[in-house]
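A short worksheet on the structure shown next.
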Amino acid sequence: MNPKGHKAPTHVPGPALRFVAAALIVRDGEVLIGQRRAGQPMGLLWEFPGGKIEPGESPQEALARELAEELGIHAEVGPAVTRIRHHYRRGGAVDLQFFAVRKFAGEIDNQIYEQVRWVKLVDLTDYEFLAADRGLIRDLAAGKLL
């Protein structure tokens with residue numbers, strides 16, 4: 001209680017915020033997307049390759065590491081395209097930073113996805129993406145960002 005006899009407001013921490021870097025890997029008017037495996041959270045939804053930014057890493061370093069781990073490529077991480085903060089209905093939040101990747105060395109070797117696919121930007125809306133990506137998908141399909 002505070003001096004006036006009122007209960008002090010209790011602070012309830014919000015959902016954990018995860019910082020993620022993701023790649024818009026573009027080649028010949030198409031972008032690479034990955035479908036999450038069936039057994040994982042939000043399974044079978046589509047997303048852009050990338051992952052969690054670890055302490056001490058820049059978003060670009062994290063993305064280069066994730067692309068090497070997930071796809072077996074050595075990416076030249078390009079400029080930032082957009083940043084999105086999304087709060088999921090069931091709790092949890094994500095801060096997504098998207099970067100253009102127009103050059104990489106190596107062949108795509110899918111290590112974690114159900115499947116990966118090169119898709120024309122205008123066709124992205126035909127796929128069911130994670131909720132956090134849906135506004136970006138509309139913008140990309142409309143030719144607004146790349």
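Summarising the geometry of H86 relative to A131, their closest heavy-atom pair is NE2-CB, 3.7 Å, with the distance given to 0.1 Å. Of all the heavy atoms in E57 and A62, the pair that sits closest is OE1-CB, 3.4 Å. In terms of heavy atoms, A132 sits closest to Y88 at CB-OH, 3.5 Å. A21 approaches P59 most closely through the heavy-atom pair CB-O, 3.4 Å.
In this structure, R18 places its CZ atom where only 12 or fewer heavy-atom neighbours from other residues, nucleotides or ligands lie under 6.0 Å away.
In this structure, the separation between CZ on R134 and CG on L45 is 6.5 Å, given to the nearest 0.5 Å. Rounding to the nearest 0.5 angstrom, the gap separating the CG atom in D109 from the CG atom in L71 is 8.5 Å. Here the straight-line distance linking atom CD of E114 with atom CZ of R37 works out to 6.5 Å at 0.5 Å rounding. Between I112 atom CD1 and E70 atom CD the span is 3.5 Å, to the nearest 0.5 Å. With rounding to the nearest 0.5 angstrom, the NZ atom of K144 is 9.5 Å from the CZ atom of R138. Taking NZ of K52 as the start and CD of E66 as the end, the distance is 10.0 Å to the nearest 0.5 Å.
Looking at L121, L24, L140 one by one, the single match for side chain to side chain contact (heavy atoms under 4.5 Å, CB included) with L145 turns out to be L140.
Following chains of ILVMFWY side-chain contacts shorter than 4.5 Å, one can reach W46 starting from V20, so the two form part of one hydrophobic cluster. Hydrophobic clustering (ILVMFWY, side-chain heavy atoms < 4.5 Å, transitive): M42 and F48 are in one cluster. Clustering ILVMFWY residues whenever any of their side-chain heavy atoms sit less than 4.5 angstrom apart, transitively, puts V94 in the very cluster that holds I33. Note on L32 and L63: same hydrophobic cluster, where clusters join Ile, Leu, Val, Met, Phe, Trp and Tyr whose side-chain heavy atoms are under 4.5 Å apart, directly or indirectly. V116 and L130 fall into different hydrophobic clusters, where Ile, Leu, Val, Met, Phe, Trp and Tyr residues are linked whenever their side-chain heavy atoms come under 4.5 Å apart, directly or through other members.
In this structure, Y127 and I137 have side chains that are not in contact, with every pair of non-hydrogen atoms separated by 4.5 Å or more. Here the side chains of R102 and L146 are in contact, with some heavy-atom distance below 4.5 Å. L136 is not listed as a side-chain neighbour of L96, based on a closest heavy-atom distance of 4.5 Å or more. Side-chain atoms of H74 and K103, non-hydrogen and from C-beta on, never get closer than 4.5 Å to each other.
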Next on the checklist: Is there a side-chain contact (heavy atoms from CB on, under 4.5 Å) between E47 and Y113? Walk through the geometry before answering.
Outcome noted: CA-CA 10 Å; E47 66 182 358; Y113 291 107; 3.1 Å; yes
Checklist entry - L17 and R85: side-chain contact (heavy atoms from CB on, under 4.5 Å), yes or no, with the steps? => result CA-CA 9 Å; L17 179 62; R85 186 166 285 187; 3.5 Å; yes
Item to check | side-chain contact (heavy atoms from CB on, under 4.5 Å) evaluation trace for I73 with V101 | outcome: CA-CA 11 Å; I73 60 173; V101 173; 5.6 Å; no
Checklist entry - Under the side-chain contact (heavy atoms from CB on, under 4.5 Å) criterion, do L67 and I25 qualify, and how do the steps go? => result CA-CA 10 Å; L67 294 177; I25 304 172; 4.1 Å; yes
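In terms of modelled atom types and a separation under 3.5 Å, the side chain of Q35 and the main chain of L44 share a donor-acceptor contact.
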